[in-house]
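Everything below concerns the one structure shown next.
Everything numeric here is computed off the predicted structure, so don't read it as measured data.
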Amino acid sequence: MMDQLGIKALRPGPSGNEKAPNHANYNESLANPFPNIPDPLIMNDGRKVTTPAMWWDQRRPELVESSTNLRFGSILA
């Protein structure tokens, strides 16, 4: 099957040796991919969200836009 797909070799998995460059990571502080998660109740300009209307009309669209840009990049017209 690998010949049919053109796969020459498989990538090795994590090593049990901690000195190896591909060792398994068991240190949770090194595994945190999102160290700076923004506060959902603080607007991009620093104002605090104080009402439900402010959340729905202003802050929620900011979060949707930033998550869309992070996921898909800028969408050109």
Side-chain angles (χ1 to χ4, degrees):
M1 179 59 88
M2 289 176 51
D3 288 336
Q4 292 174 345
L5 294 172
I7 299 172
K8 307 289 184 221
L10 295 177
R11 184 174 55 183
S15 171
N17 178 6
E18 281 200 34
K19 303 285 186 213
N22 65 334
H23 74 279
N25 179 17
Y26 295 110
N27 185 348
E28 289 185 16
S29 68
L30 297 175
N32 185 2
F34 306 107
N36 297 321
I37 298 175
D39 186 346
L41 296 178
I42 296 186
M43 305 279 291
N44 288 344
D45 62 7
R47 293 180 294 146
K48 290 186 177 184
V49 175
T50 55
T51 65
M54 190 175 188
W55 165 258
W56 286 106
D57 299 336
Q58 296 173 22
R59 181 58 177 154
R60 188 174 183 280
E62 283 181 352
L63 292 173
V64 169
E65 180 184 355
S66 70
S67 71
T68 302
N69 286 342
L70 290 174
R71 224 176 310 153
F72 303 116
S74 297
I75 299 172
L76 302 174

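Listed by chain and number, the residues in a salt bridge (charged side-chain N to carboxylate O under 4.0 Å, His left out) with E62 are R59 (sequence neighbours excluded). When the side chain to side chain donor-acceptor pair (under 3.5 Å) test is applied to R60, no partner is found at least two apart in sequence or on another chain. Residues satisfying the side chain to side chain donor-acceptor pair (under 3.5 Å) test with D45, not counting sequence neighbours, are R47. Applying the side-chain contact (heavy atoms from CB on, under 4.5 Å) criterion to D57, with sequence neighbours excluded, gives A53.
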Which atom pairs, donor and acceptor, lie under 3.5 Å between side-chain atoms of residues 6-22 and protein residues at least two apart or in another chain?
{"from": "S15", "atom 1": "OG", "to": "N17", "atom 2": "N", "distance (Å)": "3.1"}
{"from": "N17", "atom 1": "OD1", "to": "K19", "atom 2": "N", "distance (Å)": "3.0"}
{"from": "N22", "atom 1": "ND2", "to": "G13", "atom 2": "O", "distance (Å)": "3.1"}

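Membership of the apolar cluster around L63 extends to L41, M43, V49, M54, W55, W56, as traced through chained side-chain contacts below 4.5 Å between ILVMFWY residues.
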